[in-house]
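Atoms within each ligand, like the ligands themselves, are counted from 1 in listed order.
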Amino acid sequence: MRHYIGVDLGGTNIKAGVVDETGRILAEDSRKTKIPRPESEVCADIVETILCALSQAKLTLGDIEGVGVGCPGRMDSTRGVVVYSNNLIWREYPLCDMLRESLHRPVYLGNDANVAALGEVWAGSALGASSAVIVTLGTGVGAGIVIDSRILTGYNEAASEFGHTVIVHGGAPCTCGRRGCFESYASATGLVRMTREAMEQHPESLLWKLTDLAGVDGRIAFIAGRKGDKTAAEVVDRYIDYLACGLANIINAIQPEVISLGGGVAKEGDPLLIPLRERTYREVYSGLGEKYTRIELCTLGYKAGIIGAAMLALGNPR
Ligand SMILES: [Zn+2]
């Protein structure tokens, strides 16, 4: 059995896991990233996290075929360089070279959302799919496209930014500078904004009994909607419409075998998924036909980042 290391390097945590060739995590370890601090200190902690995970798995670096790292921001995977990472506050940092100096193993680098998508294809919700798009509904809307077990990175390694495709021309402002982006409506942040707006227009809503404006999160509209509140149910309904619009765009562009949804909002499960499937399929250009894109929930959670990073190191993905 071959073994690999997968590292999920985030702005908050460094997570490392020992992963076997079947996508099983044998051991994992984590520590805080503690940004901002010098890159070399973070690198030393990545190495330390890897060594701790290895020791838990009763393995050494010599047992490892390679190391993969998923990192937020724009990567140059050919050079192994973090081109720009907003979360880590890094620019042009040769992460692969630096890690190789300490680990003496091959090191590979990819964008974290893409790497997590690879994990879901390797061992999660899109297992075995010839093409899949993983969409994360969190603070923003992240996405990763995997075709024939390879990440579609695009010419500038900045592909799959479905979050910044416009679904409402001239709509709500987005952090990217455009207006009406999919992310402005389908992210948890977008859902929070729509919930607050609805509360301000409907002082009679049950939402006011559950929270004040400052306490609104991505779950509250679903909770109040289930309790029969009309205002909240309308927010959820509108949210699902926006999400369906964006997913139909993805299907029309890529026609993936599977779209898997991750992130906080996806935890709503069936009350989200069942109407979402129906509305998305209604908007797809080709109709249902014989075969249609499955819309599922991600199953690996944070482990997708570790497993997908290990798959980068596998080098010759299935
Ligand atoms: Zn945008």
Side-chain angles (χ1 to χ4, degrees), residues 10-12 70-77 82-91 110-117 120 132-146 151-198 216-219 221 235-254 256 259-266 268 272 276 279-280 283-285 293 295 298 304-305:
T12 311
C71 180
R74 201 157 74 71
M75 306 300 125
D76 182 335
S77 56
V82 179
V83 178
Y84 176 67
S85 176
N86 187 30
N87 304 40
L88 298 171
I89 329 176
W90 286 5
R91 223 176 248 282
N111 165 272
D112 59 349
N114 288 341
V115 161
E120 286 288 337
V133 179
I134 311 300
V135 178
T136 309
L137 309 170
T139 311
V141 171
I145 304 169
V146 179
I151 296 167
L152 181 81
T153 51
Y155 182 52
N156 204 21
E157 281 204 44
S160 77
E161 289 293 349
F162 288 114
H164 301 290
T165 58
V166 170
I167 61 167
V168 180
H169 185 252
C174 180
T175 51
C176 75
R178 299 183 89 185
R179 298 185 79 95
C181 285
F182 183 34
E183 172 166 308
S184 305
Y185 295 88
S187 62
T189 316
L191 178 55
V192 166
R193 187 191 68 248
M194 290 188 280
T195 307
R196 285 183 180 146
E197 285 167 1
V216 172
D217 60 17
R219 298 180 55 221
V235 170
V236 168
D237 199 52
R238 222 150 36 90
Y239 174 78
I240 294 173
D241 274 345
Y242 288 129
L243 189 51
C245 172
L247 295 192
N249 289 346
I250 294 174
I251 295 174
N252 285 350
I254 310 267
I259 293 179
S260 297
L261 302 177
V265 182
E268 293 300 328
L272 171 74
L276 179 64
R279 290 181 214 182
T280 305
E283 290 199 38
V284 169
Y285 176 70
T293 299
I295 301 173
C298 290

- Other residues, nucleotides, ligands: >12 heavy atoms within 6.0 Å of Arg238 CZ: yes
- Between Tyr285 and Asn252, the two heavy atoms sitting closest are N-OD1, 2.9 Å
- Message: For a quick test of reading the model, state the closest non-hydrogen atom pair linking Gly138 to Ser187 and the distance between them.
- Response: O-CB, 3.4 Å
- Query: In Å and rounded to the nearest 0.5 Å, what is the CG to CD1 distance from Asn111 to Ile151?
  - Reply: 8.0 Å
- Item | Test applied, side chain to side chain contact (heavy atoms under 4.5 Å, CB included); reference residue, Leu191; option that passes from Asp217, Val216, Val236, Val235 | Val235
- Note on the structure: So, leaving waters aside, the tally of protein N/O/S atoms less than 2.8 Å from the Zn ion (ligand 1) stands at 4
- Query: Between Glu197 and Arg193, is there a salt bridge with N-O shorter than 4.0 Å?
  - Reply: yes
